[in-house]
Every structure is written in structure tokens, then in C-alpha cells.
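Computed over heavy atoms, backbone and side chain alike; hydrogens, waters and symmetry mates excluded.
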Amino acid sequence: MNRLDIAKKRAELLQDKDVRLQVNEGRNRFVCYEGKIKDLYPYVFTFEAFLYGDIRLLSFSYVDLMTKRIKIFPPIEKNQDVLS
């Protein structure tokens with residue numbers, strides 16, 4: 001099993017679960033999205049992001065996961081105290 005297969009399997013295991021995506025857009029710019037991995041395709045997957053009451057569909061390649069251009073984290077709890 002190569003690294004690309006591992007990235008595909010990770011996306012498959014997290015499909016339809018609430019996750020937080022951190023995207024490296026270059027030049028030390030990071031954007032975080034909360035949402036769900038919706039559909040899996042042979043070379044890309046789609047991510048349904050919840051932004052300011054809107055739902056936006058984004059797509060990423062498995063290579064982005066493999067090269068750590070995007071990172072997947074559990075979602076931040078809404079009632080979690082940030083300072084503690």
C-alpha cells in the first residue's frame with residue numbers, strides 16, 4: 001500500500017463525519033474550514049464547508065493530503081473554553 005492509497009483510505013474513513021480542514025494556501029497563509037467530506041472520486045474528494053450560515057462545496061486531491069497541503073482535525077467544540 002503506497003502513500004496515495006493511505007491518503008484515500010483516510011478520506012474514506014472520515015467521510016460524512018464532522019471534521020476541520022486546515023488548508024495551506026502558500027506564503028504562510030492558512031484557512032480553516034469546518035464541514036464534512038461528502039463524495040470520494042478516483043483522484044479527488046469533495047468537502048462540504050459550513051461558512052457563515054452558507055454551505056460551500058470545495059474539492060481537494062488526495063495528493064493534497066499526502067503532501068500535507070491540507071490537514072484534517074477533529075472539529076472544535078462550540079462550548080469548549082478556549083482559555084482553559
Which residues pass the side chain to side chain contact (heavy atoms under 4.5 Å, CB included) test with [X], sequence neighbours left out?
X     : answer
Gln22 : Phe30, Cys32, Lys71, Phe73
Tyr43 : none
Leu4  : Asn2, Lys8, Tyr62, Val63, Met66

- Item | Within residues 42-62 or reaching into it, pairs that qualify as salt bridge (charged side-chain N to carboxylate O under 4.0 Å, His left out) - sequence neighbours excluded |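 Residue pairs passing salt bridge (charged side-chain N to carboxylate O under 4.0 Å, His left out), neighbours aside: none found.
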- Contacts of Arg69 that satisfy salt bridge (charged side-chain N to carboxylate O under 4.0 Å, His left out) - sequence neighbours left out: Asp64
- Message: Lys17: which residues meet the salt bridge (charged side-chain N to carboxylate O under 4.0 Å, His left out) condition with it, sequence neighbours left out?
- Response: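 For Lys17 there are no salt bridge (charged side-chain N to carboxylate O under 4.0 Å, His left out) partners, ignoring immediate neighbours.
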Connected hydrophobic set around [X], excluding itself, where side chains approach under 4.5 Å:
X     : value
Ile55 : Phe50
Leu13 : none
Ile6  : Met1

So, do [X] and [Y] sit near enough that their side-chain heavy atoms are less than 4.5 Å apart?
X     : Y     : value
Val44 : Asp39 : no
Asn24 : Ile70 : no
Asp18 : Glu34 : no
Gln15 : Leu40 : yes

- Item | Contacts of Arg29 that satisfy side chain to side chain donor-acceptor pair (under 3.5 Å) - sequence neighbours left out |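 So Arg29 forms a side chain to side chain donor-acceptor pair (under 3.5 Å) with Glu25.
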- Message: Tell me every residue that passes side chain to side chain donor-acceptor pair (under 3.5 Å) with Arg3, counting only those two or more places apart in sequence or in another chain.
- Response: none
In one Ile/Leu/Val/Met/Phe/Trp/Tyr side-chain cluster, 4.5 Å: [X], [Y]:
X     : Y     : value
Leu51 : Leu58 : yes
Leu21 : Tyr52 : yes
Leu65 : Val23 : yes

Measuring from [X]:[atom1] to [Y]:[atom2], what's the distance to the nearest 0.5 Å?
X     : Y     : atom1 : atom2 : value
Tyr41 : Ser59 : OH    : OG    : 9.5 Å
Arg10 : Ile37 : CZ    : CD1   : 8.5 Å
Arg20 : Tyr33 : CZ    : OH    : 13.5 Å

